[in-house]
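Okay, so here's the structure we're looking at.
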Amino acid sequence: MNWIQRKIFLYNVTFGLYMLDWWERYLFSICIEEWRGKYQYRVGGSVELSDTASQFVNSKGKGDPDYAIEQQSSSVDSSKLEIPTGRTLKLNSGSCYLPHPDKEETGGEDAHFICMDGQAIGVADGVGGWADIGVDSGQYARELMSNSVCAIQEEPSGSIDPARVLEKAYIRTKSRGSSTACIIALTEQGLHAINLGDSGFMVVRDGCTVFRSPVQQHDFNYPYQLESDNGGDLPSSGQVFIISVTPGDVIIAGTDGLFDNLYNNDITTVVVQAVRGGLGPQFAAQKIAALARQRAQDKDRQTPFSAAAQAAGFRYTGGKLDDITVVVSYITHNDKESLSGSS
């Protein structure tokens with residue numbers, strides 16, 4: 001996280017943009033979005049992949065726990081949702097990375113990317129247990145995500161297959177370690193995704209969670225994971241999803257540092273406040289990550305992780321301090337394409 005991002009994050013978390021008048025929030029958002037559009041920035045060891053198309057970011061670590069997924073009464077069957085026709089859609093994405101306090105200097109073990117040209121995002125969670133034998137699993141996660149972006153750029157425009165992308169990235173990744181992975185692309189068919197392990201994503205529409213990817217785990221605190229030297233699980237073990245989306249939908253992807261500490265309705269509440277406040281996806285991601293960190297440090301609150309631990313027979317209360325990666329994407333109309341098509 002460079003100095004200007006840290007300033008923005010601390011301002012957003014400490015004072016809260018909701019304390020500003022609407023016009024102040026609007027001007028602040030415009031200034032920051034303009035800055036983000038002009039410069040490729042580095043966050044916690046990010047690697048610049050192209051001039052304006054792709055962003056690759058290192059974040060957290062530890063592919064640890066899993067938990068029972070909260071099913072909200074407001075959820076609906078995503079298979080019944082229809083894709084709007086006549087206008088193409090695009091992802092407007094932002095991210096936030098908060099490393100574990102003990103891993104700030106090394107950058108943690110998570111990684112994520114935002115590929116604007118490919119209209120795709122991805123998160124990976126390097127398994128922290130490798131540190132016991134002197135291996136930085138974060139390097140594996142970072143290389144996996146970097147290779148994923150390269151594979152995306154080889155895909156046909158508008159027809160990215162995340163499963164094929166993950167397979168290519170897995171084969172090309174040579175670092176030691178292991179990692180969970182989640183890759184999401186906006187295609188002509190809708191939202192196309194693959195998830196392996198306890199990272200994941202959810203879709204929020206009109207203030208309701210309409211989809212949440214299930215966790216894949218062999219046992220409590222033992223998620224599915226890709227591993228170097230052909231160990232661990234294979235990309236084909238990941239779950240593939242095709243989800244209908246519409247303008248106004250919000251996609252939230254993250255590692256277990258997010259979903260271990262926040263329930264669906266916690267995340268949805270922040271999303272609704274951000275959208276109503278006219279804040280972009282970057283600020284929504286920061287708000288969600290800050291809340292997840294707050295819950296992670298609360299030793300008394302019931303969290304998804306503590307609920308799962310108790311269900312597995314452990315005496316545990318409170319959150320789980322971990323690296324936190326959050327990527328938020330607003331689904332909007334592709335105005336540039338619409339304008340060119342009408343001229």
So, S179 side chain and D125 main chain: donor-acceptor pair closer than 3.5 Å or not?
-> yes
Calculate, to the nearest 0.5 Å, the distance between atoms CG and OG belonging to L144 and S137 respectively.
-> 10.0 Å
Look only at the side chain of Q119 and the backbone of L186, and say whether a donor-acceptor pair between them is shorter than 3.5 Å.
-> no
Rounded to the nearest 0.5 Å, the OG1 atom of T303 sits from the OH atom of Y316 at a distance of 6.5 Å
For the residue pair Y97 and V326, establish whether any side-chain heavy-atom pair is separated by less than 4.5 Å.
-> no
Heavy-atom check, side chain of I121 versus side chain of S329, under 4.5 Å = yes
Would you check if the side chain of R295 reaches a backbone N or O of L258 as a donor-acceptor pair within less than 3.5 Å?
-> no
Check: F259 and R212 side chains under 4.5 Å, non-hydrogen atoms = yes
What heavy-atom pair brings Y140 and S175 nearest, and what distance separates the two atoms?
-> CD1-O, 3.1 Å
Please answer whether the main-chain N or O of Q302 pairs with a side-chain N or O of S306 as donor and acceptor at a distance below 3.5 Å.
-> no
Between D249 and T246, is there a donor-acceptor pair closer than 3.5 Å when you use the side chain of the first and the backbone of the second?
-> yes
State, to 0.1 Å, how close Q216 and G238 come at their nearest heavy-atom pair, and which atoms those are.
-> OE1-CA, 3.8 Å
Shortest non-hydrogen separation from K320 to D256 and the atoms involved | NZ-OD2, 4.0 Å
Using distance alone, with no hydrogens and no angle criterion, decide if S199 and T180 have a side-chain donor and acceptor under 3.5 Å apart.
-> yes
Between T173 and N147, do the side chains contain an N or O donor and an N or O acceptor separated by less than 3.5 Å?
-> yes
Report yes if the distance between the aromatic ring centroids of H218 and Y224 is under 6.0 Å, otherwise no.
-> yes
If you measure from the Lys or Arg side-chain nitrogens to the Asp or Glu carboxylate oxygens, is any gap between D229 and K174 under 4.0 Å?
-> no
Nearest-0.5 Å distance that lies between atom CD in E104 and atom CG in D323 = 9.5 Å
Please assess N230 against Y170 for the test side-chain contact (heavy atoms from CB on, under 4.5 Å), listing each intermediate value before the final yes or no.
-> CA-CA 9 Å; N230 297 319; Y170 169 71; 3.7 Å; yes
From CA spacing to verdict: side-chain contact (heavy atoms from CB on, under 4.5 Å), K168, E154 = CA-CA 10 Å; K168 289 182 179 179; E154 298 170 359; 3.3 Å; yes
Is the shortest heavy-atom distance from the side chain of V203 to the side chain of V250 under 4.5 Å?
-> no
Which heavy atom in R293 sits nearest to a heavy atom in P99, and how many Å separate them?
-> NH2-O, 2.9 Å
Which pairs pass salt bridge (Lys or Arg N to Asp or Glu O under 4.0 Å) with one or both residues in residues 300-311, sequence neighbours excluded?
-> D298-R301
Value for OG (S148) from CG (L166), rounded to nearest 0.5 Å, stands at 6.0 Å
T106 side chain to K103 backbone, donor-acceptor under 3.5 Å | yes
Does any non-hydrogen side-chain atom of H333 lie less than 4.5 Å from one of K90?
-> no
With salt bridge (Lys or Arg N to Asp or Glu O under 4.0 Å) as the test, would you mind laying out the steps for D136 and R142 before giving the verdict?
-> CA-CA 10 Å; D136 178 10; R142 290 187 286 273; 3.1 Å; yes
Rounded to the nearest 0.5 angstrom, the CE-CD1 distance for M202 and I243 is 11.5 Å
Do E227 and R176 meet the salt-bridge criterion of a basic N to acidic O distance under 4.0 Å?
-> no
So, do L262 and P304 sit near enough that their side-chain heavy atoms are less than 4.5 Å apart?
-> no
Test of ring centre spacing under 6.0 Å for F305 and F314 | no
Ignoring hydrogens and angles, tell me if any N or O in the side chain of Q239 forms a donor-acceptor pair with the backbone of I194 under 3.5 Å.
-> no
Main-chain N/O of T88 paired to E188 side chain as donor or acceptor, under 3.5 Å | no
When you look at N261 and D266, which way does the side-chain contact (heavy atoms from CB on, under 4.5 Å) test go after all the steps?
-> CA-CA 9 Å; N261 292 298; D266 296 325; over 6 Å; no
Say whether, by atom type as modelled, one donor and one acceptor occur between the side chain of T325 and the main chain of T255 under 3.5 angstrom.
-> no
Close side-chain approach of I252 and V271, heavy atoms under 4.5 Å | yes
Where is the tightest heavy-atom contact between T317 and Q310, given as atom of each residue plus distance?
-> CG2-NE2, 4.0 Å
What's the spacing between I267 CD1 and K287 NZ if we round to 0.5 Å?
-> 15.5 Å
Does T187 use its side chain to pair, donor to acceptor, with the backbone of G158 at less than 3.5 Å?
-> no
Between R164 and E155, is there a side-chain N and carboxylate O pair less than 4.0 Å apart?
-> yes
Are I184 and C182 side-chain neighbours, meaning at least one heavy-atom pair lies under 4.5 Å?
-> yes
Any chance you could lay out the side-chain contact (heavy atoms from CB on, under 4.5 Å) test for F211 and L191, step after step, and finish with the verdict?
-> CA-CA 11 Å; F211 178 82; L191 205 65; over 6 Å; no
Do you know which two heavy atoms are closest between I160 and H192, and how far apart they sit?
-> O-ND1, 3.5 Å
side-chain contact (heavy atoms from CB on, under 4.5 Å) partner of V272, the single match among V275, T268, T269 | T268
